[in-house]
Asks: 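One structure, as structure tokens, below. Some questions next.
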Amino acid sequence: MIRTIFTLAAICATLLAAEAQTPEGPVSATPVSATPVSVRPLAVESSETPAAATAAAESAATGSVQPTAAAQPIAATHPTAAADTAALPDAANLLRRGDRKGELLLAIGGHNITLGRAASDRHNRTRVTTPIEINQRYVAFGLGAVEFGFSLLTDPSYAAYAPEENGFLDQRVGKSIHIGFRPLALEVALNRSRTVSLVTGLTLSFDNYRFDNRWSIAKVDGRIEPVALEGKRKSKLATTQFGLPIGLTFTPARRLRVSALAFGELVVNAHTKTKKPKQKKTLTGLNDFRFGLQGAVTYREVGFYVKYSLTPMFRSGTGPKCYPLSVGLAWGF
């Protein structure tokens, strides 16, 4: 295919060069005397007999254009066109790159012919694309969103506990912190304007549920039980989880993005921690897998998010029925 393009480019360059040297008007109006330089290369390249070469020389001397069958395509334009073929530039030198990314030009007779452009040129309907250029246009891969907010345990039920133990999951919300980010994120545009995208990736998040100073929790005989603390001691429940979100991101206006996702999380660590004295204990009885929904609204990549788990915090029959909730600031959704 490339060799064919180069051959066509060479023929076009020859025809344009010959036409530029031809004076206006009929060719037969001004006889041109043949020279050995213009006749011999033609006879050798066309593999003619001596008699045919002599006839071609006589025709050129009289000014009449009567080329042989082998020399017809070149001599029909001008008798001296055969001499110009020796000065033809290499066809490969006629191709060069344009000013725009991915643009390929063919230079013939002082004119540039555009052969193709990259997919990023929206106004060019004839595009030459590669998988890499398509990926750069429609797919983004790298670091994802960052979340910083508050962790809450919503609607705890204490029906299975004594009345004096009610409220042992009460929190100090201002010190119950959620931190999450996506070390790997993938975004795939679903339309040309990139206003709708499919987003997914891998998330890592940390939740600290800071309890009231009176209580901590522990698993006793297969059940989550409140542990009363003497004095005012700091107590919290900390969890670490990996997640896989998937959803859609909409861009209704420039720099404004609205995201709606579903996620699954795997709890890889859970422990309680108290201070004065400092104690750290692993806590079991939590649901290892969670499923939930998440939404975010950002402008210039800064905004708010809400994340709610549809799976209870503790296993059925193990602890109070409550659902993790996180709200706060988001970057890069």
Asks: Counting C-beta onward and ignoring hydrogens, is there a side-chain heavy-atom pair between Phe148 and Val146 closer than 4.5 Å?
Replies: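 The answer is no, as the side chains (C-beta and beyond) never meet within the 4.5 Å cut-off.
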Asks: State, with a plain yes or no, whether a side-chain heavy atom of Val258 is found less than 4.5 Å away from one of Leu248.
Replies: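 Val258 vs Leu248: side chains apart.
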Asks: Answer with yes or no whether the hydrophobic clustering places Val327 together with Leu293; edges join I, L, V, M, F, W, Y residues whose side-chain heavy atoms lie under 4.5 Å apart.
Replies: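 Cluster IDs for Val327 and Leu293 match.
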Asks: Please answer: with hydrophobic residues joined when any side-chain heavy atoms are less than 4.5 Å apart, are Trp215 and Ile217 in the same cluster?
Replies: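 Per the 4.5 Å side-chain linkage, Trp215 and Ile217 are co-clustered.
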Asks: Look only at the side chain of Asp207 and the backbone of Thr239, and say whether a donor-acceptor pair between them is shorter than 3.5 Å.
Replies: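 Pair absent, no side-chain N/O of Asp207 close to backbone of Thr239.
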Asks: Considering non-hydrogen atoms only, spot the tightest contact between Ser216 and Thr272 and give its length.
Replies: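 Nearest pair, atom of Ser216 first, then Thr272: OG-CB, 4.3 Å.
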Asks: Taking C-beta and beyond as the side chain, do Met313 and Leu237 meet within less than 4.5 Å on heavy atoms?
Replies: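 Side chain of Met313 against side chain of Leu237, heavy atoms only: contact under 4.5 Å found.
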Asks: Only one of Thr203, Thr200, Leu266 forms a side-chain contact (heavy atoms from CB on, under 4.5 Å) with Leu244, so which one is it?
Replies: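 Exactly one pass, corresponding to Thr200.
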Asks: Is the closest side-chain heavy-atom distance between Val196 and Thr249 below 4.5 Å?
Replies: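 Val196 does not reach Thr249 side chain to side chain.
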Asks: Within the 3.5 Å criterion, strictly below it, is a donor on Thr195 or Thr251 matched to an acceptor on the partner's side chain?
Replies: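 Short answer, no.
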Asks: Which heavy atom in Tyr161 sits nearest to a heavy atom in Pro320, and how many Å separate them?
Replies: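 The answer is OH-CD, 3.4 Å.
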Asks: Under a 4.5 Å cut-off applied to non-hydrogen side-chain atoms, are Phe181 and Leu204 in contact?
Replies: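 The answer is yes; the side chains approach within 4.5 Å.
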Asks: Shared ILVMFWY cluster between Leu325 and Val173, side chains joined below 4.5 angstrom?
Replies: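 Yes, one cluster joins them.
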Asks: So which atom in Lys219 and which in Gly222 form the shortest heavy-atom distance, rounded to 0.1 Å?
Replies: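 Closest heavy-atom pair between Lys219 and Gly222: CE-CA, 3.6 Å.
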Asks: If I take atom OG1 from residue Thr154 and atom OH from residue Tyr323, how far apart are they, to the nearest 0.5 angstrom?
Replies: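 Thr154 OG1 to Tyr323 OH: 8.0 Å, rounded to 0.5 Å.
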Asks: Output, in order, the C-alpha distance, side-chain angles, deciding distance and verdict of side chain to side chain contact (heavy atoms under 4.5 Å, CB included) for Leu256 and Tyr299.
Replies: CA-CA 5 Å; Leu256 177 63; Tyr299 179 71; 4.2 Å; yes
Asks: Report yes or no: do Phe242 and Phe263 belong to one cluster of Ile/Leu/Val/Met/Phe/Trp/Tyr joined by side chain heavy-atom distances under 4.5 Å?
Replies: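 Each belongs to a different hydrophobic cluster.
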Asks: Does a side-chain heavy-atom distance below 4.5 Å link Lys234 with Arg210?
Replies: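 Sidechains of Arg210 and Lys234: in contact.
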Asks: What is the minimum heavy-atom distance between Leu202 and Pro183, and which atoms define it?
Replies: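 Reported closest heavy-atom pair: O-CD, 3.0 Å.
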Asks: If you define the side chain from C-beta out and look only at heavy atoms, does anything of Ser309 sit under 4.5 Å from Glu265?
Replies: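 Answer no - side chains too far apart.
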Asks: Nearest 0.5 angstrom please: Lys280 NZ to Lys275 NZ, how far?
Replies: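 Atom-to-atom, Lys280:NZ and Lys275:NZ are 11.5 Å apart.
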Asks: Going through the checks in order, is the side chain to side chain contact (heavy atoms under 4.5 Å, CB included) test met by Ile224 and Leu283?
Replies: CA-CA 9 Å; Ile224 300 297; Leu283 182 66; 3.8 Å; yes
Asks: For Glu165, is there an ion pair with Arg223 - N to carboxylate O distance below 4.0 angstrom?
Replies: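 Answer for the salt bridge query: no.
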Asks: Looking at every heavy atom in both Gln171 and Ser151, which two are closest together, and how far apart are they?
Replies: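 Minimum heavy-atom contact is NE2-O, 3.0 Å.
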Asks: Tell me whether Phe150 shares a hydrophobic cluster with Leu329, the cluster being built from Ile, Leu, Val, Met, Phe, Trp, Tyr side chains joined at under 4.5 Å.
Replies: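 Same hydrophobic cluster.
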Asks: If you measure from CG on Leu261 to CD on Gln294, what distance do you get to the nearest 0.5 Å?
Replies: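 The CG atom of Leu261 sits 6.0 Å away from the CD atom of Gln294.
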Asks: Take Glu301 and Trp331 through the test side chain to side chain contact (heavy atoms under 4.5 Å, CB included) and record every step on the way to the result.
Replies: CA-CA 5 Å; Glu301 298 189 355; Trp331 288 268; 5.9 Å; no
Asks: Nearest 0.5 Å, what's the CZ-OG1 distance between Phe314 and Thr284?
Replies: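 Between Phe314 CZ and Thr284 OG1, I get 10.5 Å after rounding to 0.5 Å.
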Asks: Between Asp288 and Arg315, does any side-chain N to carboxylate O distance fall below 4.0 Å?
Replies: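 A salt bridge links Asp288 with Arg315.
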Asks: Could you tell me whether the side chains of Tyr305 and Thr298 share a donor-acceptor contact shorter than 3.5 Å?
Replies: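 No, no side-chain donor-acceptor pair sits under 3.5 Å.
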Asks: Measure the shortest side-chain to side-chain distance between Phe211 and Leu169 over non-hydrogen atoms and say whether it is less than 4.5 angstrom.
Replies: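 They are in contact (side-chain heavy atoms under 4.5 Å apart), so the answer is yes.
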Asks: Give, for atom OG of Ser197 and atom CG of Leu190, the distance between the pair rounded to the nearest 0.5 Å.
Replies: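 Spacing of OG (Ser197) from CG (Leu190) equals 6.0 Å.
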Asks: For Ser176 and Leu152, indicate whether the former's side chain and the latter's backbone hold a donor-acceptor pair under 3.5 Å.
Replies: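 No; zero donor-acceptor contacts below 3.5 Å.
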Asks: Mind checking the NZ-NZ spacing from Lys273 to Lys236? Nearest 0.5 Å is all I need.
Replies: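 Output value for this atom pair is 5.0 Å.
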Asks: Would you say Glu147's side chain and His178's backbone share a donor-acceptor pair under 3.5 angstrom?
Replies: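 Not at all, since once roles are kept as given, no pair shorter than 3.5 Å links the two residues.
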Asks: Taking all atoms of both residues into account, what is the closest heavy-atom pair of Leu229 and Ser235, and its distance?
Replies: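 That would be CD1-CB, 3.8 Å.
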Asks: Kindly check if the number of other-residue, nucleotide or ligand heavy atoms within 6.0 Å of CD (Glu164) is above 12?
Replies: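 Yes, the 6.0 Å shell around CD holds more than 12 heavy atoms from other groups.
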Asks: When you measure from the side chain of Asp155 to the backbone of Cys322, do you find a donor-acceptor pair of N or O atoms at a distance under 3.5 Å?
Replies: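 It does not hold such a pair.
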